[in-house]
Structure formats: structure tokens, C-alpha cells
Amino acid sequence: MSRPAGIAALSLFFVFGTVMSGATAVMLATPGGPLDPVWRLRPSAREELAPLGAWGVLLMTTVALACVAAAVGLWTGRRAGYRLAAMLLLANLLGDLANAIVRGDPRTLLGAPIVAVLLWYLRRRQPYLADGAA
């Protein structure tokens with residue numbers, strides 16, 4: 001069975017997440033380094049992550065590793081890739097909900113319907129799994 005286009009796109013989405021979280025980990029580990037100007041895209045991210053010090057680097061490295069594992073798992077049609085992708089999407093949804101409640105920023109809820117559709121799509125596409133049906 002061939003890879004559905006939506007699964008390929010979602011896999012590439014997680015590749016993008018890998019690059020962004022990996023770059024963030026590098027920027028946190030090397031303040032003032034060559035990637036430092038990237039913080040201008042979202043200065044609040046630096047303000048929130050920099051105080052975490054080494055924990056921030058560890059957090060972003062963990063996110064990067066999880067994203068690459070989800071990307072590879074989706075690309076190869078592995079059940080673990082689907083599950084990890086779903087967990088990462090749910091974590092993103094919970095983070096958005098927390099930001100809406102704690103910060104009073106309802107704009108963070110814009111991603112909720114997108115995550116719901118992606119989760120529905122992942123569930124629907126599980127017959128593609130290389131290691132057996134759902």
C-alpha cells in the first residue's frame with residue numbers, strides 16, 4: 001500500500017518541528033551565537049525559555065527527538081509513529097488550552113480545530129500501517 005499524501009505531509013510537518021525545536025535548542029545552548037538573530041521572529045520565546053538554562057536545552061532537544069521519531073514513524077507507516085504523532089499533537093493542544101486559560105489569550109485556541117482534524121485523519125489512516133492494522 002502506498003503512503004497517503006496526507007501522511008507524507010504530516011511527516012514533513014514533524015520534520016519542520018524537528019528543525020525548529022533543534023534550532024531553538026542550539027540557540028539556547030549558544031547565546032550570542034550565529035543563530036541568535038532568529039530570536040527576532042518571536043522574542044517572547046527567548047524570554048520564556050532562556051531562564052530555564054540547561055533544562056530549556058534539554059526540553060527542546062527532547063521535542064526535536066520526538067518530532068524526528070514521529071516523522072520517521074509516519075513516513076515508514078509504523079504504529080509507534082502514529083501514536084507518537086498523536087501524543088505530540090495532543091500535547092500541543094493541551095499547551096494551547098493552558099495558554100488560553102493561564103494567559104487569557106484566546107488566539108492560542110485557533111490551533112484546536114486543526115489538531116482535531118489531524119487527529120481524526122491519523123485515526124482514519126491507520127490501515128496504512130506497515131506493522132499491521134489498527
Sole residue of L52, V26, L49 in side-chain contact (heavy atoms from CB on, under 4.5 Å) with M60:
L49
From L59 atom CG to T24 atom OG1, the distance as rounded to the nearest 0.5 Å:
10.0 Å
So which atom in L84 and which in A69 form the shortest heavy-atom distance, rounded to 0.1 Å?
CD2-CB, 3.5 Å
Are any of the side-chain heavy atoms of L28 and W55 separated by less than 4.5 Å?
no
Closest non-hydrogen atom pair between Y82 and G77, with its separation
CE1-CA, 4.3 Å
So if you build clusters from Ile, Leu, Val, Met, Phe, Trp, Tyr with side-chain heavy-atom gaps below 4.5 Å, do L90 and F13 land together?
yes
With sequence neighbours left out, what residues match R40 under salt bridge (charged side-chain N to carboxylate O under 4.0 Å, His left out)?
none
Within a strict 4.5 Å, meaning less than it, do heavy atoms of the V68 and V15 side chains meet?
no
Kindly work out whether a path of hydrophobic side-chain contacts (I/L/V/M/F/W/Y, heavy atoms less than 4.5 Å apart) joins M20 to L65.
no
Which distance, rounded to the nearest 0.5 Å, do you find between the CG of D96 and the CG of L110?
9.0 Å
Minimal non-hydrogen separation, L74 against I7, with atom names
O-CG2, 3.4 Å
Do L109 and L93 land in one hydrophobic cluster if side-chain heavy atoms of ILVMFWY residues count as linked below 4.5 Å?
yes
Which heavy atom of S11 sits nearest a heavy atom of A71, and at what distance?
OG-O, 2.7 Å
Minimal heavy-atom distance between L35 and M27, with the atoms involved, is O-SD, 3.2 Å
Once rounded to the nearest 0.5 Å, what's the spacing between atom CG of L89 and atom CG of L10?
6.0 Å
Looking only at heavy atoms, the pair that brings R46 and G32 closest together is NH2-N, 4.4 Å
Side-chain contact test, heavy atoms from C-beta onward, threshold under 4.5 Å: evaluate it for L58 versus T62 and give yes or no.
yes
Consider only side-chain heavy atoms of I, L, V, M, F, W and Y, link residues closer than 4.5 Å, and tell whether L97 and W120 are in one cluster.
yes
Indicate, with yes or no, if V63 and F16 share a hydrophobic cluster defined by side-chain heavy-atom contacts under 4.5 Å among Ile, Leu, Val, Met, Phe, Trp and Tyr.
no
Validation row: N99, D105 side chains within 4.5 angstrom (heavy atoms)
no
